[in-house]
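All remarks here apply to the structure that follows.
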Amino acid sequence: MFRSTSLVYLLLIPLVSSAWIPNEDEQLALVKPSPVKIRPRWTKVPVTLGVMSRCPDAIHCENVMDTVFNEVGFEKVDVTLSFIGKLNSTAPKYGVTCMHGEIECEGNLQELCMTNHVSEVRNWWPWLECVNLAGRERIGHLGTAVDCAIMTGIDWIEDGVRACVKGKEGESEPEGVRLLQESVKKTADLGITTSCTILISGKKRCVRDDGEWKDCEGGSSAADLERSINEEWQRLNPEFA
């Protein structure tokens, strides 16, 4: 028994000594995972709301769109608030004149800071609805903005919203002032003059003005607007349709 085992061992020695030992590159090739096919993310539907924060038509419009976005799914839309105003270099605080006064400029600025510093529409939209529900006369007041941030789980300080609204030490003006001026200019470039104007993929879809829906080819109900967004999503993402 000892002799046969020893013989097998002796016969294996040449095979082991001459066995292939991979070099470093070959070892890496052995452990390198196979490429994983990642499912592509869909393209979100761009939705622009041309608004003024204290405008009754804008508040109504945003309430309707709240229903629309919840039905469509926030993951399918990329929402931008675009503010109507007039650039005015003589306006001391904002460089912008707002239709409903300086307090509306502040409300616009707060909303821009929120949408620019809090990622994802689903995270900042509930804050906007909270501000609107506080009442038109409370929009633009810092206390309303902060209280709604607390109620909707947004960290007013850590998320950078306060610094955007109030400014940082050493800044000549708060970031929010620049955002407001840029937004007003972009709104004018888009040809938006009425609050509230709804654009879907850059095309005018509907207008809310003086308490009425206007220029709403395809209907103005929440269901109509939901259908328009779903149709546009399918157009942009035929592979998911």
Side-chain angles (χ1 to χ4, degrees), residues 46-63 65 78-118 124-125 127-149 154 156-157 159-199 202 204 206-212 214-215:
V47 179
T48 300
L49 304 180
V51 292
M52 297 181 283
S53 61
R54 278 195 156 208
C55 172
D57 289 309
I59 295 170
H60 179 88
C61 178
E62 288 164 351
N63 286 341
M65 295 309 292
D78 182 14
V79 182
T80 300
L81 301 181
S82 196
F83 289 94
I84 298 169
K86 184 177 180 180
L87 291 174
N88 180 1
S89 60
T90 64
K93 191 172 181 180
Y94 305 102
V96 170
T97 299
C98 298
M99 180 176 289
H100 301 96
E102 193 172 273
I103 190 67
E104 180 172 73
C105 285
E106 181 67 18
N108 296 349
L109 181 151
Q110 291 170 1
E111 293 180 12
L112 284 166
C113 284
M114 182 61 67
T115 60
N116 274 268
H117 282 271
V118 176
W124 60 257
W125 185 266
W127 173 87
L128 177 65
E129 281 299 286
C130 175
V131 169
N132 287 342
L133 287 171
R136 179 172 175 267
E137 295 305 314
R138 296 300 307 161
I139 294 172
H141 291 281
L142 185 62
T144 304
V146 174
D147 286 347
C148 282
I154 292 169
W156 182 259
I157 297 174
D159 287 333
V161 185
R162 184 182 71 172
C164 178
V165 171
K166 304 297 290 182
K168 299 177 183 177
E169 186 177 350
E171 284 184 330
S172 59
E173 63 182 16
E175 177 192 0
V177 171
R178 174 181 57 79
L179 292 175
L180 178 57
Q181 293 172 359
E182 290 175 352
S183 181
V184 167
K185 183 180 184 303
K186 183 178 180 181
T187 302
D189 291 343
L190 289 171
I192 296 174
T193 58
T194 304
S195 174
C196 163
T197 298
I198 303 170
L199 305 183
K204 185 188 291 185
C206 207
V207 175
R208 177 80 180 184
D209 185 30
D210 289 333
E212 298 180 356
K214 303 175 181 179
D215 301 327

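Just the heavy atoms: all of them, side chains too, but no hydrogens, waters or symmetry mates, feed the values below. Since the model is a prediction, treat every value here as computed from it, not as a measurement. Numbering starts at 1 and runs along the sequence shown.
- Among residues two or more places apart in sequence or in another chain, the side-chain contact (heavy atoms from CB on, under 4.5 Å) test is passed with K214 by D209, D210, E212.
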Check step by step if disulfide bond (SG atoms under 2.5 Å apart) holds for C55 and C196.
CA-CA 8 Å; C55 172; C196 163; over 6 Å; no
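- Summarising the geometry of W156 relative to A149, their closest heavy-atom pair is CE3-CB, 4.0 Å, with the distance given to 0.1 Å.
- Here the side chain of N108 pairs no donor or acceptor atom with the backbone of F83 at under 3.5 angstrom.
- With hydrogens and angles disregarded, a donor-acceptor distance shorter than 3.5 Å links the side chain of W127 to the backbone of A145.
- For the atom pair CG of L49 and OG1 of T197, the computed distance is 9.5 Å after rounding to the nearest 0.5 Å.
- Closest of all the heavy-atom pairs between V177 and E173 is CG1-OE1, 3.7 Å.
- The CG atom of L133 lies 11.0 Å from the CD atom of E62; values are rounded to the nearest 0.5 Å.
- K86 has its side chain out of reach of M99: every pair of non-hydrogen atoms, C-beta onward, lies at least 4.5 Å apart.
- A donor-acceptor pair is defined here as one N or O able to donate and one able to accept, closer than 3.5 Å; such a pair exists between the side chain of S53 and the backbone of E104.
- Residue pairs meeting the salt bridge (charged side-chain N to carboxylate O under 4.0 Å, His left out) criterion with at least one member in residues 181-197, sequence neighbours excluded, are R178-E182, K185-D189.
- With hydrogens and angles left out, the side-chain atoms of S195 and D57 include no donor and acceptor closer than 3.5 Å.
- Every residue meeting the side-chain contact (heavy atoms from CB on, under 4.5 Å) condition with V184, not counting sequence neighbours, appears here in chain and number order: L87, V96, L180.
- For the residue pair E106 / Y94, a side-chain donor-acceptor distance below 3.5 Å is found, with atom types taken as modelled.
- For the atom pair D215 CG and I198 CD1, the distance stands at 11.5 Å (nearest 0.5 Å).
- Closest approach of W124 to I154, counting heavy atoms only: CA-CD1, 4.3 Å.
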Do V165 and L109 pass the side-chain contact (heavy atoms from CB on, under 4.5 Å) test, and can you show the C-alpha distance, the side-chain angles, and the key distance before you say yes or no?
CA-CA 7 Å; V165 171; L109 181 151; 3.9 Å; yes
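- Within the structure, the salt bridge (charged side-chain N to carboxylate O under 4.0 Å, His left out) test picks out the following pairs touching residues 128-141 (sequence neighbours left out): R54-E137.
- A distance of 6.0 Å separates CD in E111 from CG in L81, rounded to the nearest 0.5 Å.
- Here C130 pairs with C148, M151, T152 under the side-chain contact (heavy atoms from CB on, under 4.5 Å) rule; sequence neighbours left out.
- Put simply, CG on D159 and SG on C164 are 12.0 Å apart, with the number rounded to the nearest 0.5 Å.
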Apply side-chain contact (heavy atoms from CB on, under 4.5 Å) to the pair I59 and I139, showing each step before the final yes or no.
CA-CA 10 Å; I59 295 170; I139 294 172; 3.7 Å; yes
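- For the atom pair T115 OG1 and L128 CG, the distance stands at 9.0 Å (nearest 0.5 Å).
- Between I84 and T193, the closest heavy-atom pair is CD1-C, 3.9 Å.
- Annotation: side-chain contact (heavy atoms from CB on, under 4.5 Å) contacts of E171 (sequence neighbours excluded): K168.
- Considering only heavy atoms from C-beta on, L190 comes within 4.5 Å of S82 through its side chain.
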Go through the steps for M52 and C98 under the test side-chain contact (heavy atoms from CB on, under 4.5 Å), then give the verdict.
CA-CA 8 Å; M52 297 181 283; C98 298; over 6 Å; no
